[in-house]
Structure formats: structure tokens, C-alpha cells
Amino acid sequence: MALPSADLGDGTYRNPVLDADWSDPDLLRVGDDFYLTASSFGRAPGLPLLHSRDLVNWTLVGHALQRLEPVGEFRSPRPDCGVWAPSLRHHDDRFWIFWGDPDHGIFQVNAPEIRGPWTRPHLVKEGKGLIDACPLWDEETGEAYLVHAWAKSRAGVKNRLTGHRMRPDGTGLLDEGKVIVDADRIPGWFTLEGPKAYRHDGWFWIFAPAGGVETGWQGAFRSRGFFGPYEERVVLEQGNTRVNGPHQGGWVRTAAGEDWFAHFQQRGPYGRVVHLQPMRWGADGWPVLGDRGAPVAVHRKPDLPSQAPSAPATDDDFPGGRFGRQWQWTANPEDGWATQHSGDGLRLSCVRATDTSDLRARPHVLTQRLPGAAATVRVDLRLDSEEPGARAGLVVLGDAFSWIGLQREPDGSVRLVHRFAEPAAGGAPPASPEPGGREREAAAARTAPEGRARLWIEIGAGARCHFSYDVGGGRQPSGQAFAATGWRWVGALLGLFAQAPAGGGHAGAATFTRFRVTPTP
């Protein structure tokens, strides 16, 4: 099952078309199929792959990156690192994804089919602060190019785009690069980033946002040569709408010649949700996005064959102990964290941790995106581990977090516990837990006589979360409302975890069943 589609069923759709944190979307068409990828930062697997036939109804079909590299650097959560703003292209009968890792450089992977097999990441350009990479193969000349932006936090510079000649096979660059757009020279422009390069009507085009994700705008640049000079225009901005800072995305053309543009909107704890804008080319040759440059809320669907309403899956029965594509670990996983078996239910091993009090620092939390609309989350939990101090639960994870679940006591009993932690210093997950980030009780513990619980989180307006549980005496509320928070560039996450105190030997497991996310009327 999934949350409701953006398809209104009457030939129109409402924005956002992807109402969850699909950050920095890029998309393309191959034949009658549309594909989309998005930033995955430090989660694994990364580089999600979505499919649609009508640009409105999307399903998640896989991931292109099973582990982040260098592998050792992503053994712990790094939510602000890893895969930034990927670009998805199809060239020479292969799918290609390029992205910038701000700490290591520009990588690419490629595959003959969207479902793979995908190559291991190949380092195209090494360096600090290289982000938002996009290739361009010029079919008219056979030349290949690459454009990227800069992260000031690593490189000391930003607000500029650098272009390179690239080997046609995508394995490396042929020059040292040249600044092709310096937005410091454009009055009023700042934080230019997220470039997507195209060829159209004899021009080189770069679509790139500026002004920051909260309040910025989408720009377009054109030049007769890839290396410039470029002229610019603002082609999408908030105007009188509620869509703040319409930000980076990609342009796609249907087989019938309609043009559409997908971009994100930053929505605090919900992350970066995806909007679809109509696009046309004006008489002066410049693109016109949305409703004369302002985002649309409801619009006619693309002129494409009808598709059944769909949205990326959220629910999971965990058949055979396997989990669906919507789940990601908060870092590179290790063998044995989740075990397959003959029945249904997710069996998570109680991973031993030196300090169990800060889930932001734990890689073995299995997560999915927080829905962008009001919803109720439910899961059943059984704590199988006999280890004193073993615990498992359902968490809303971000810069602050709150979880509800079960814990094994020294006397062998099991208690229902509900805890939370305030934002960590600096807004990043600590490499080793800090005193300021340690958990506190959100509600008094209750006995769970059979070591089982049904757990709920009701997500209301503003991502305010209300927790409740049933340990055999009916559903009971737990604690005060918890305001979910984002996690650096990532929206808040829903997560499942199981862990135990440090020590030797086997720590046992916990079993989760019937995970459901139900829209709230």
C-alpha cells in the first residue's frame, strides 16, 4: 500500500506530486517511461529510482547505489554528506547517474537498464566541495561536458558554476575546468547551485536555482557555446503562492512534445517535496514555467496514457523477513542486522552499542521518509531478546528524536518505554554521543506482560507527533506531542531499530510486523 496519489482522478493533479522528502529531483524520459532519482545523502541503499508513465503517479523500483564509498567513512550516520543532487541521463544505450560528494568529489554509476546491474561508483573528479554534477553529451558534435557547483563549507567558494570537457565514456575530464557562470557578477543572485545542462534550439541551456532553498528561485541560463558567455533569467519564483523557494529540478519532454519541469519545495521537517510544473517555450525563446513563472497548485495532467493512481510504497508486512524498497539504513549496513526466515515480520538483531542513548549516532536504524501529509503510523513489536538492557522500537528521527518501544529489564520483565532527545549541538549527529543529546523519559514506563506491544504515531499539522501504545489493556496515549525536526538537509525519518548494551555473545532480536501508514481524514 501507499499514501494517496497526487492524481485527482478528473484529468488533473495536485502538487506536490511526491509528498515526501525526495530531495533534488532529476528526471528523464526513455521511450514511454519516465524515471526520477533524488539525493540520498548518507543513507543506504542510495540513489532511489522511481518510475512513471504520466509524470504524476510514481513508484519506487530500486536503488542504483547499494553502499556509499569510501565504505569505511559511512559506517556511521552522516546525514549531511554522501550523495548530493544527482543527475540522471540516458546515453549510448545506458543509464547514467552523476553526483557530487562534497568531501570526495564527483562520482558516476551506469547501467544497461534502470533496474541494473549498476556499476560501482567511479570517481570522475576528486576534490573538496564539488557538488551537484551534471553531464551533457552533445549529440550534434559528439563532445561531452560536465558542469558542477561548489559547497562553500568545503571549498570556501560558492555561487558559481564550473564547466569541463569530459571524456565521452564518462570516466574522466579533459581539462582543468573553467567558471562558466559567476553569479557574484549578477546583481541580487546568491547561492547559485544545482545545475542541469541541456541542448535545445541551437543553445546550451543550464537550469539552476539560486537564493537558497527556503526563499530562492529557479533560474535559466543560455549560451551559444558551452563555456559561455551565458545570459540569465528567473523562470520560476514563489510570487503570491504558498510554494516557498521553488528550487532545483529537471526538464523533461514527452514523446508528444509537451514540456514539464519537476522541482522541490523545502518544507521543514517534511524535507523537500516534489512539484510538477507545466513548461512552454516563449516567443523570445526562453522557457516559461508554471503559471507565467509562478508554481501551480492544481493543473491539467500531461497528455499521456492513463495510469492507475500510485505513490511510493510505505506499508510493509516484511515477507520472509525481507523489507521493501522504501527502507534505508542510516549508514552502510552490516551483515546480520536483519535476518530472513520462513514467516512474515522484520527480525532485527539487537546490535550491540557502546552507548545506546543516541539513535542519531547509530547506523542500524532502518528508516523511511516521513509522509508530507497527516497520517497514522502503526507497527506491532515483539522483543525476543533475553539480554538485560535490550531494546527495540519505533522512532521519529531527526535533529531531535523520540521513540516508543520495549526494553528488557534485569529481572527478565519487559517494559514499554517512551523517550526523546533534544537537538544535538551543532545540528549534526554526534560521532560519540554527547551529554546534551542523551535521552530523557517522555512518559512513565509501563509493564508489557507478554513482551509485545502495538505502537502508534499520529502525525498531525506541522509534523507534531502523538505517540500511543497497547500492551494488552487497550490503546493508551503516551507523553506530550513531539515536534519532528529535519536532520540537516534531510527531512525527519520514521525508523525501526533494535539494540543491546555492549558486551559479548548473542544479543537476540526483535520482530516487527504489519507496518502501516494510513492517511488521516
Side-chain angles (χ1 to χ4, degrees), residues 24-30 35-39 84-92 94-100 105-110 124-125 130-150 159-175 177-183 186 189 192-210 218-236 247-253 259-264 279 281 285-287 289:
D24 310 311
D26 193 28
L27 75 170
L28 73 117
R29 177 182 63 87
V30 179
Y35 302 102
L36 183 148
T37 192
S39 294
W84 283 26
S87 294
L88 176 62
R89 294 292 182 266
H90 191 259
H91 169 72
D92 197 23
R94 296 187 72 82
F95 290 89
W96 301 78
I97 303 178
F98 283 66
W99 73 93
I106 294 168
F107 291 87
Q108 59 96 338
V109 292
N110 59 86
V124 178
K125 180 183 180 181
L130 311 178
I131 59 170
D132 305 356
C134 181
L136 174 64
W137 285 274
D138 187 344
E139 304 297 342
E140 296 180 14
T141 65
E143 298 283 341
Y145 304 96
L146 183 108
V147 60
H148 69 82
W150 294 87
N159 206 34
R160 64 190 61 175
L161 305 179
T162 295
H164 293 267
R165 295 189 184 276
M166 184 176 72
R167 293 175 185 166
D169 64 3
T171 59
L173 304 177
L174 298 175
D175 58 29
K178 173 186 175 183
V179 175
I180 58 177
V181 178
D182 184 351
I186 307 174
W189 285 60
L192 178 66
E193 57 188 349
K196 297 292 183 285
Y198 307 94
R199 280 285 260 152
H200 172 68
D201 195 28
W203 296 87
F204 287 89
W205 289 89
I206 297 175
F207 286 74
Q218 179 68 41
F221 299 80
R222 71 177 184 182
S223 173
R224 290 298 185 183
F226 177 77
F227 290 97
Y230 282 86
E231 52 185 321
E232 81 284 341
R233 181 174 293 186
V234 175
V235 293
L236 188 70
H247 215 69
Q248 72 174 275
W251 162 43
V252 69
R253 172 168 285 180
D259 295 302
W260 297 85
F261 188 83
H263 66 91
F264 78 74
M279 175 175 154
W281 293 91
W286 285 87
L289 276 60

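Sequence positions, counted from 1, serve as the residue numbers for this chain. Reckoned from all heavy atoms, side chains included, excluding hydrogens, waters and symmetry mates.
The NE2 atom of H263 lies 12.0 Å from the CD atom of Q248; values are rounded to the nearest 0.5 Å. Of the inter-residue distances, the one linking I106 atom CD1 with L146 atom CG reads 5.0 Å to the nearest 0.5 angstrom. To the nearest 0.5 Å, atom CG of residue D259 and atom CE of residue M279 are 5.0 Å apart. Interatomic distance, CH2 of W251 versus CZ of R29, reported as 11.0 Å (0.5 Å rounding). To the nearest 0.5 Å, atom CG of residue D26 and atom SG of residue C134 are 6.5 Å apart. Atoms OH and CD1, from Y35 and I97 in turn, are 12.0 Å apart once rounded to the nearest 0.5 Å.
D132 contributes no side-chain N or O that, together with a main-chain N or O of P195, makes up a donor-acceptor pair within less than 3.5 Å. In this structure, S87 contributes its side chain and A133 its backbone to a donor-acceptor pair below 3.5 Å. W96 contributes no side-chain N or O that, together with a main-chain N or O of Q108, makes up a donor-acceptor pair within less than 3.5 Å. Using a distance-only test at 3.5 Å, with no hydrogens or angles considered, a donor-acceptor pair links the side chain of N159 to the main chain of L192. Remark: the backbone N or O of R165 is paired with a side-chain donor or acceptor of D175 at under 3.5 angstrom. Using a distance-only test at 3.5 Å, with no hydrogens or angles considered, no donor-acceptor pair links the side chain of T162 to the main chain of H148. Between the W205 side chain and the A220 main chain, no donor and acceptor come within less than 3.5 Å of each other. Formation of a donor-acceptor pair under 3.5 Å by the R89 side chain with backbone atoms of L136 is not found in this model.
Remark: R167 engages no residue in a salt bridge (Lys or Arg N to Asp or Glu O under 4.0 Å) (not counting sequence neighbours). For R94, there are no salt bridge (Lys or Arg N to Asp or Glu O under 4.0 Å) partners two or more places apart in sequence or in a different chain.
Ring centers of W99 and F107: under 6.0 Å apart, within the cut-off.
Taking both residues in full, the closest heavy atoms of A149 and L161 are given as CB-CD2, 4.0 Å, listed atom of the first, atom of the second, then distance. Across all their heavy atoms, A85 and S39 have their closest contact at N-OG, 2.7 Å. Pairing each heavy atom of V124 with each of G170, the nearest pair is CG2-O, 3.6 Å. Across every non-hydrogen atom of W137 and P168, the tightest pair is NE1-O, 2.9 Å. Residues V252 and L28 come closest through the heavy atom pair CG2-C, 3.9 Å. Smallest separation of non-hydrogen atoms from T37 and P86: CG2-CG, 3.8 Å.
In this structure the side chain of V181 never reaches within 4.5 angstrom of the side chain of W189, judged on heavy atoms. Using a 4.5 Å heavy-atom cutoff, the side chains of E139 and H91 are in contact. The side-chain heavy atoms of F207 and P287, taken from C-beta on, include a pair separated by under 4.5 Å.
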List the atom pairs, donor and acceptor, that lie under 3.5 Å between side-chain atoms in residues 224-232 and the rest of the protein, sequence neighbours left out.
unit_1	atom_1	unit_2	atom_2	d
R224	NH1	G202	O	3.1
Y230	OH	F226	O	2.6
E231	OE2	R222	NE	3.0

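Remark: of the listed residues L174, L173, V147, L173 is the sole one forming a side chain to side chain contact (heavy atoms under 4.5 Å, CB included) with M166.
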Original post:
Hey, mind stepping through W150 and I131 against side-chain contact (heavy atoms from CB on, under 4.5 Å) and telling me if it holds?
Top reply: CA-CA 6 Å; W150 294 87; I131 59 170; 5.5 Å; no

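Ring orientation note: the planes of F204 and Y145 are nearly perpendicular, at an angle over 60° on the 30°/60° scale.
With no hydrogens or angles considered, no side-chain donor-acceptor pair links D24 and W84 at under 3.5 Å.
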